[in-house]
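See below for the structure under consideration.
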Amino acid sequence: MSVEPPAREIHRVTLANGLRVLVVPDPSTPVVGVAVHVDVGFRSEPQGRTGFAHLFEHLMFQGSESLEKLAHFRLVQSSGGMFNGSTHQDYTDYFQVLPGAALERALFLEADRLRAPRLTEENLRNQVDVVKEEIRLNVLNRPYGGFPWILLPPVLYDTFPNAHNGYGDFTELEQATVDDAAAFFDTYYAPGNAQLTVAGSVDVDAALALIEKHFGDIPARPTPRRPSFAEPVPGSERRRSVPDAQAPLPALALGYRLPDPGADLDGYLGHALLGSVLGDGEAARLQRRLVHADSLVTDVSAGAGLLGPLDARDPDTFTITAMHPVGVDPDRVLAAVDEELDQLASAGPTVEELSRQVARWSAALHQENDRVMNRMLGLGARELLYGRAEISDELPARLAAITPDQVRDAAAALRGAGRGVLLIEPSAQQWDPAEPTTETAAPEIVDPVGAAAGEQA
């Protein structure tokens, strides 16, 4: 397979303290983006401290060595910039976009909190309350809260890192201490465990000099060993039902294991395009069959990645989700999905069908990468996760090179392995994370509570 060369210059440097740096100049834009990706997500948080990675993301916005609380906010906004952060399965990112002339200010701000965030009892207790309110808003008091990213993993996976609730359990959040936060920072926020990305209106040599000035004196610390989260693929279907007092309609989610994108990127992209063939647009197969022809569901979607495509290391999840009328037996929906997968596993998609979905992907990728923020975050995340930021630039060409046979193979792989089936049942009873759920051939729930993925600070 031929792959077009990257469209952008990518300059790599590693500082003496271990910090990895990408500088990606783009003279077509007047703004600059600065992002720090830290190699820790909610899969790395310790057992007994569910939600800690996301809680710590919040703490990183509460002041630093040189700045009082809210000073970071004021300095970015007064420069005409924006900033945020988010927590994912395998990384946490912090980012800002400002006018190009404010590059040094952005680098100072990110370096200052990577050197020494302000970890105090007051800040910790305040942010525990903020995170608990997020959980109430985004999960406990919202229809389909945590569907499927919190509720599906404990059906498909067995181990704590893969199965637990990344938003956090209230009791465990409340028990977090400043010592816990300091230990988490010392372990995971070492410079050698982070990736700095600068993209946009920059001169490479000047930017590297400023990066050395602000980040170079952060003391090196041991970099944690990255564990493997691998576990066997289920050999059969696992099923679980969860009541939802807020849900107006029943819903279901199917979860399947994806190929490792670090070892088999084309196999992963075959699954990504399978998701599009199944669920992307009115002409997609599940849309035509389940929504329009059989009227089994009111909405259906499919895709690669629990939190989105190419957003995690192995293992990750291919999902199919649907909402259906109360009178429809979910087994009818599952049977129809299986029939469509069987047809694709037998004959694959047509050339025209696949070309249409590749065109949709390419248009979306080009539109997304028009924004410096999205381009910077994609480059930084793929460099951290897979060691190749260039994947972001190669994606349109790599997707265009995927054949109908590769999509057929992806459908056959789904039909040939076990899966998780999550059923959401409207109920007067609110789902209580402390109570067991109705399940069939499923692993024990490790720590279910709810939330919304990648919540921003």
Side-chain angles (χ1 to χ4, degrees), residues 38-60 86-92 119 124-125 127-128 131-132 134-135 139-140 145-146 148-190 193 221-234 238 240 242 255 257 306-307 311-317 385 420 422 431-437 439 442-455:
V38 184
D39 201 337
V40 60
F42 54 76
R43 282 206 282 211
S44 297
E45 59 199 11
Q47 196 156 356
R49 286 291 179 267
T50 58
F52 202 90
H54 174 237
L55 172 63
F56 196 86
E57 174 217 319
H58 278 250
L59 289 173
M60 288 287 282
S86 57
T87 308
H88 303 247
Q89 288 159 280
D90 293 322
Y91 68 90
T92 306
L119 304 177
L124 176 62
R125 299 275 69 87
Q127 292 309 303
V128 167
V131 170
K132 287 167 62 178
E134 280 189 23
I135 295 172
V139 182
L140 300 179
W149 82 275
I150 289 174
L151 302 175
L152 183 58
V155 187
L156 184 63
Y157 297 98
D158 294 316
T159 63
F160 173 80
N162 294 322
H164 80 278
N165 161 32
Y167 225 157
D169 175 273
F170 276 21
T171 300
E172 293 183 5
L173 288 168
E174 290 166 351
Q175 291 174 347
T177 67
V178 174
D179 287 343
D180 292 332
F184 192 84
F185 174 78
D186 289 341
T187 300
Y188 293 107
Y189 279 69
N193 206 44
R221 299 196 301 278
T223 300
R225 183 185 66 84
R226 184 193 308 142
S228 169
F229 299 127
E231 61 175 273
V233 177
R238 302 167 166 192
R240 175 168 297 154
V242 173
R257 291 281 292 275
L306 190 65
L307 304 186
D311 194 61
R313 299 188 181 101
D314 185 62
D316 202 2
T317 310
L385 294 172
L422 169 69
W431 172 57
D432 183 349
E435 293 296 324
T437 53
E439 57 183 90
E444 179 184 358
I445 272 191
V446 179
D447 217 338
V449 179
E455 262 316 301

- Taking the side chain as every heavy atom from C-beta outward, state whether Phe229 and Ser44 have any atom pair closer than 4.5 Å. yes
- Do Pro224 and Arg226 come close enough that some side-chain heavy atom pair is under 4.5 Å? no
- Quick one: closest heavy-atom pair of Leu385 and Arg313, and the distance? O-NE, 3.3 Å
- Query: Looking only at heavy atoms, which two atoms of Ala312 and Gln89 are closest? And how far apart?
  - Reply: CB-OE1, 3.4 Å
- Task: Mind checking the CZ-CG spacing from Arg49 to Leu55? Nearest 0.5 Å is all I need.
- Result: 10.0 Å
- Message: Show the nearest heavy-atom pair for residues Glu45 and Gly51, with the distance to one decimal.
- Response: OE2-N, 2.9 Å
- Item | Nearest heavy-atom neighbours spanning Ala190 and Pro222 | CB-O, 3.7 Å
- Item | Salt-bridge present (Glu174, Lys132; N to O < 4.0 Å) | yes
- Message: Check whether Asn193 reaches the backbone of Asp39 with its side chain - one donor and one acceptor, N or O, closer than 3.5 Å.
- Response: yes
- Message: Regarding Asp158 and Arg238, does a basic nitrogen lie under 4.0 Å from an acidic carboxylate oxygen?
- Response: yes
- Roughly how far, to the nearest 0.5 Å, is CZ of Phe184 from CG of Leu59? 10.0 Å
- Message: I'd like to check Phe170 versus Leu140 (side-chain heavy atoms, cut-off strictly below 4.5 Å). Are they in contact?
- Response: yes
- Message: By the side chain to side chain donor-acceptor pair (under 3.5 Å) test, which pairs, at least two apart or in different chains, include something from residues 181-190?
- Response: Tyr94-Tyr189
- Atom pair CD1 (Ile135) and CG (Leu173), whose distance is rounded to the nearest 0.5 Å: 5.5 Å
- Go through the side-chain N and O atoms of His58 and Glu134 and say whether any donor and acceptor fall under 3.5 Å apart. yes
- Item | Glu57 versus Thr92, side-chain donor and acceptor atoms under 3.5 Å | no
- Item | Minimum side-chain heavy-atom gap Leu124-Leu119 below 4.5 Å | no
- Under 3.5 Å side-chain donor-acceptor pair for Gln47 and His164: no
- Spatial distance of atom OH (Tyr157) from atom OG1 (Thr317) [nearest 0.5 Å]: 3.0 Å
- Test Leu156 against every option in Pro148, Pro234, Pro315 by the side chain to side chain contact (heavy atoms under 4.5 Å, CB included) rule and name the one that passes. Pro234
- Atom CG in Asp316, atom CG in Leu307: separation rounded to 0.5 Å? 7.5 Å
- Query: Do Phe42 and Thr50 come close enough that some side-chain heavy atom pair is under 4.5 Å?
  - Reply: no
- Rounded to the nearest 0.5 Å, how far apart are CG of Asn165 and CD1 of Ile150? 4.5 Å
- Item | For the student: nearest non-hydrogen atoms of Glu172 and Gly48, plus distance | OE1-C, 3.2 Å
- Query: If we ignore angles and hydrogens, is there a donor and acceptor under 3.5 Å between the side chains of Glu231 and Asn162?
  - Reply: yes
- Message: Within 45 degrees of the ring normal and closer than 6.0 Å to the centroid, is that where the cationic atom of Arg43 sits relative to Phe160?
- Response: no
